[in-house]
Colleague: 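Dropping the structure in here first, questions after.
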Amino acid sequence: MTLKTAARQVRENAHAPYSGFKVGAAIRTPAGNIYAGCNVENVAYPEGTCAEAGAIAAMCAAGEYEIAEAYVVADSPAPVPPCGGCRQKLAEFAAPGTPVTMATTGGKSETVTVADLLPGAFSLAHMDKP
Ligand code: THU
């Protein structure tokens, strides 16, 4: 299965009754395994979770902690960019050069890197004591 297929399939399972905006995300690890997630909204709106967070949670639950490639898809006019929080979540498990493809259900896509999405990301090194 490709990341594109996994993300498009899982998007169908999104729980998005409030925004009506279903998102699917899929990540591949260096071992070649694919983990997918969809957005899961909540009536208490801030409690909702993004598709990327779901995919990352599935990866960790399976005992893997490294992202080699990510793919995000939504039914939007232009490729949907991960939100700010998800950029930080991706950066936790991906190298700066890791490719992230943003896509629309209509077939448009754009591939950037994690560093493109979050330049100067906060990291463990910033907590080093001088
Ligand atoms: N959303 C995602 O799941 N991922 C993104 O990259 C952008 C936004 C979700 C959150 C919310 O359920 C809906 O899209 C509208 O913001």
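Note that the structure is a prediction, hence the values are computed from the model and not measured. Numbering of ligands and ligand atoms starts at 1, following listing order.
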Colleague: Look up atom OH in Tyr65 and atom CD in Glu92, then write down how far apart they are to the nearest 0.5 Å.
Modeller: 12.0 Å
Colleague: Determine whether any heavy atom of Cys86 lies closer than 4.0 Å to an atom of ligand 1.
Modeller: no
Colleague: If you have a sec, work out which protein heavy atom is nearest atom 11 (C) of ligand 1 and how many Å separate them, to one decimal?
Modeller: Glu41 OE2, 3.3 Å
Colleague: Which heavy atom of the protein is the closest neighbour of atom 4 (N) of ligand 1, given with residue, atom name and distance?
Modeller: Glu52 OE1, 2.9 Å
Colleague: Looking only at protein heavy atoms, which one is nearest to atom 9 (C) of ligand 1, and how far off is it?
Modeller: Asn39 ND2, 3.6 Å
Colleague: Anything under 30° is parallel, anything over 60° is perpendicular, the rest tilted; go ahead and classify Tyr18 against His15.
Modeller: perpendicular
Colleague: Apply side-chain contact (heavy atoms from CB on, under 4.5 Å) to Glu64 and Tyr35, showing your working.
Modeller: CA-CA 10 Å; Glu64 292 199 73; Tyr35 299 97; 2.6 Å; yes
Colleague: In Å, rounded to the nearest 0.5 Å, how long is the span from CE of Met102 to OH of Tyr71?
Modeller: 11.0 Å
Colleague: Compute whether any side-chain donor of one residue and acceptor of the other, for Glu110 and Thr101, lie under 3.5 angstrom apart.
Modeller: no
Colleague: Of all the non-hydrogen atoms in the protein, which one sits nearest to atom 10 (C) of ligand 1, and at what distance?
Modeller: Cys50 SG, 3.9 Å
Colleague: Is there a side-chain contact between Glu41 and Asn39 in this structure, where contact means two heavy atoms from C-beta onward sitting under 4.5 Å apart?
Modeller: yes
Colleague: Could you check Val72 against Val80 for side-chain contact (heavy atoms from CB on, under 4.5 Å), going step by step and ending with a plain yes or no?
Modeller: CA-CA 7 Å; Val72 186; Val80 64; 3.9 Å; yes
Colleague: Return yes when Pro82 approaches ligand 1 closer than 4.0 angstrom through a heavy atom, no otherwise.
Modeller: yes
Colleague: Between Cys83 and ligand 1, find which residue part has any heavy-atom pair under 4.0 Å and reply side chain, backbone, both or neither.
Modeller: backbone
Colleague: For Val73 and Thr105: C-alpha separation, side-chain torsions, deciding distance, then whether side-chain contact (heavy atoms from CB on, under 4.5 Å) applies.
Modeller: CA-CA 6 Å; Val73 64; Thr105 52; 4.2 Å; yes
Colleague: When you measure from atom 16 (O) of ligand 1 to every protein heavy atom, which one gives the shortest distance, and what is it?
Modeller: Phe21 CD2, 4.8 Å
Colleague: Applying a strict 4.0 Å limit to heavy atoms, is Ala74 in contact with ligand 1?
Modeller: no
Colleague: Using a 4.0 Å heavy-atom threshold (strictly under), name the region of Cys38 that reaches ligand 1: side chain, backbone, both or neither.
Modeller: neither
Colleague: Answer yes or no: is there a side-chain heavy-atom contact under 4.5 Å between Pro82 and Leu117?
Modeller: yes
Colleague: Looking only at protein heavy atoms, which one is nearest to atom 7 (C) of ligand 1, and how far off is it?
Modeller: Pro81 O, 4.2 Å
Colleague: May I ask you to list the atoms of ligand 1 that are less than 4.0 angstrom from any heavy atom of Val23?
Modeller: 1 (N), 2 (C), 3 (O), 4 (N), 9 (C), 14 (O)
Colleague: What protein heavy atom sits nearest atom 3 (O) of ligand 1, and how far off is it?
Modeller: Ala51 N, 2.9 Å
Colleague: Going by the order shown, which atoms of ligand 1 are within less than 4.0 Å of some heavy atom of Ser19?
Modeller: 13 (C), 15 (C)
